[in-house]
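Accompanying notes for the structure given below.
Numbered from 1 within each chain, the chains take letters A, B, ... in sequence-line order.
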Amino acid sequence: MPVGKTIRVRDLASARSGDKGNHANIGVVANDEAAYGTLCSRLTAVRVQTHFQELGVTRVERYELPHVLALNFVLYDALGGGASRSLRIDTQGKLLATSLLDLTFHANAFENE
Amino acid sequence: VATLRIANGAGFLGDWLAAPRRLVERADVDYLTIEHLAELTMSILARQREKDPNAGYAEDFLDILRSLVPALQQQPQLKIVANSGGVNPPACVRAAAKILTAAGLGATPVGCVTGDDLLPRLPELMSAGCAFTNLDTTESLQTAIRHPQSAIVSANAYLGARPIANALAAGARIVITGRVADASLTVGPAMHEFGWQWDDWNRLAAATVAGHLIECGAQVTGGYSVDWQSFDLADVGYPIAELSSDGAVVIAKPPGTGGAVNCRTVVEQLVYEIGDPRHYLTPDVDCDFTTVEVVEVGPDRVALCNATGRPATDSYKVSLAYRDGWMASGQLLVYGSDCREKAEKSARILFERCKLAGYELARTQVELLGYGAGVPGAWLWRKYQTPGELVLRVSAHDPRREAVECFVRQLAPLITSGPAGLAGYAAGRPQVRPVFAYWPSLVPKSLVVPQVEVRKAKEWN
């Protein structure tokens, strides 16, 4: 475990996730401008892809909506075939946002686990 | 009109049936929209139509309409726009017209929007050069599916706001459509009431943002929120978008209802199920969400401004579904300190018995619910102890129905011929269901002809 203060994404933002075919998206809404700035620098597409690696995500695209302090992550091929073909309990990626909110980081960088 | 109040009473087929009635009882709105169609819903409705030519629409709409009869009698301004027609809007219109006529509302003009159903036109469109290339995989339909004509169960273009506006202009009080873009259910009334031009991209964008925000019902008024402890959701108010003729939008909910409308609920929904926020594409406009600004203007009232739009593309999105074998899932409760090993062993026994019966299943999945199965691999394992019980969920998908039938028969025997500590089989054998795989594509707008027919309710049957 890292030393020092640990912050969860949950402390900085709320989020919700959903599906588009076999892709998922996670919208992350920051609590304030400072939190938005922190998320922009720390919550990178690479970090999100690593977090959801085991889902088979092939690519993560991050989009910024600075006026509303939101980030949108599109997770390609995240849903095991999508709502119609997926064998998973969460066919539509409804749980991904909750999982992302549990990501933690400390002083300078996101933990790797 | 100066301000138009457009509410949404359903976000999907299966949403809270009482929501539309509760909404119009507590707020005077000009339009009530009902959004019943998800990607998968069309293929399910298509299968119902195969069995019965008078089926294939969202039957929930009929229950909703019955519940709205008093409001339709008492509120002359109230109109309804619903995509509940599914793959069979005329059948939905006829059934709705019967209800209205029986309630003494036979003079109500009811509009039917069709033309989105491309299934009967597929051979014609394919020979006209439409490859129906998969938007995700770039495969052509012909190469990916061996017998497209028999494998495809539904093919629907997402129509836009124009046929809805046309139906309203022809006097319809109730408009029932098949597949239209969700946001267009709101854009149609706005275009009709305000008389905006069809190339007024910023106003089209404003109405599209409003439609996008309310299309999922309570998701913008406190539903699906991480702040669920902050408000009561039992009596959650479904959303109302107030549109002004200059394109200003306020999101609100009926007074005295549960839930909340604040910047967070609105922005979370703004970014819900979108791709590139600079290009939210509908048949009506190419909408830029990144210019949108939000501000709280009162209790449970959020104003949005500065939505910007660019010209719509020259294609309609098409959602196709094709037969892709059979699927089933079953669950057992596994109890005890050794539940994880026991669950994994039980799953192995089950699939081994399928093999003994001669079936190697094409795709299978084993999930330990209660042990991080919700988001595989992204669970912070070390923070949690092994639970004393979990739910074993096993699933299978195979082109052969008999293989999946064999699979579902292996679950119950585990109770007596598997490890001790399994329970929860009272519900019976899991259902084997057909799989309809999703195929997103495009079709040139010039090849699709939306149609509108408006008649009095009593003249529909």
Problem set entry | B/V267 versus A/A70, closest heavy-atom pair with distance | CG1-CB, 3.9 Å
Exercise. Hey, which of B/A321, B/C263, B/P277, B/S43 has the most heavy atom pairs under 4.5 Å with chain A?
Worked result: B/P277
Exercise. With side chains defined as the heavy atoms from C-beta onward, is the minimum distance between A/R16 and B/V226 less than 4.5 Å?
Worked result: no
Exercise. Highest number of heavy-atom pairs under 4.5 Å with chain A: which of B/N306, B/L135, B/L40, B/D276?
Worked result: B/D276
For this session: Below 4.5 Å from any heavy atom of chain B, which atoms of A/I26 appear? Answer side chain, backbone, both or neither.
Result: neither
Exercise. Does any heavy atom of chain B fall under 4.5 Å from the side chain of A/E64, the backbone, both, or neither of them?
Worked result: backbone
Exercise. Heavy-atom distance under 4.5 Å to chain B: side chain of A/V68, backbone, both or neither?
Worked result: both
For this session: With a 4.5 angstrom heavy-atom cut-off, could you sort out which part of B/Y438 is near chain A: side chain, backbone, both or neither?
Result: both
Exercise. B/Q331 versus A/I89: any side-chain heavy-atom pair under 4.5 Å?
Worked result: yes
Problem set entry | Top contributor to chain A interface from B/R363, B/Q219, B/E293, B/H397 [non-hydrogen pairs under 4.5 Å] | B/R363
Seminar exercise, completed: Looking only at B/D227, B/T290, B/I44, most heavy-atom pairs under 4.5 Å shared with chain A are made by B/T290
Problem set entry | Which portion of A/T91 sits near chain B, non-hydrogen atoms under 4.5 angstrom | neither
Exercise. Tell me, side chain or backbone of B/T364 under 4.5 Å from chain A's heavy atoms, or both, or neither?
Worked result: backbone
For this session: Show your reasoning for whether side chain to side chain contact (heavy atoms under 4.5 Å, CB included) applies to B/E39 and A/D19.
Result: CA-CA 10 Å; B/E39 284 165 359; A/D19 68 316; 4.2 Å; yes
For this session: Could you have a look at A/A83, A/S17, A/A24, A/A97 and say which one has the most heavy-atom pairs with chain B under 4.5 angstrom?
Result: A/S17
Exercise. Do you know which two heavy atoms are closest between B/V271 and A/N25, and how far apart they sit?
Worked result: O-ND2, 2.9 Å
Exercise. What part of A/A78 is in contact with chain B, defined as an atom under 4.5 angstrom from a non-hydrogen atom: side chain, backbone, both or neither?
Worked result: neither
Problem set entry | Euclidean distance, B/F289 CZ relative to A/H67 NE2, rounded to 0.5 Å | 14.0 Å
For this session: Select one option (side chain, backbone, both, neither) describing which atoms of A/N72 are under 4.5 Å from chain B's heavy atoms.
Result: side chain
Problem set entry | Reported OG-to-CH2 distance for the pair A/S84 and B/W439, which is rounded to 0.5 angstrom | 12.5 Å
For this session: Please lay out, stage by stage, how A/R85 and B/V435 fare under the test side chain to side chain contact (heavy atoms under 4.5 Å, CB included).
Result: CA-CA 7 Å; A/R85 290 182 89 246; B/V435 178; 4.0 Å; yes
Exercise. Do B/M327 and A/L87 have side-chain heavy atoms sitting under 4.5 Å apart?
Worked result: yes
Exercise. Could you give the distance from CD (B/E367) to CZ (A/R88), rounded to the nearest 0.5 Å?
Worked result: 8.0 Å
Problem set entry | Minimum-distance pair of heavy atoms, taken over all atoms of B/E268 and A/V29 | CG-CG2, 3.7 Å
For this session: Answer with side chain, backbone, both or neither: which region of A/N31 has an atom nearer than 4.5 Å to a non-hydrogen atom of chain B?
Result: both
Problem set entry | Contacting region of A/A15 [heavy-atom separation from chain B under 4.5 Å] | backbone
Seminar exercise, completed: Whatever's closer than 4.5 Å to a heavy atom in chain B on A/T98 counts as neither
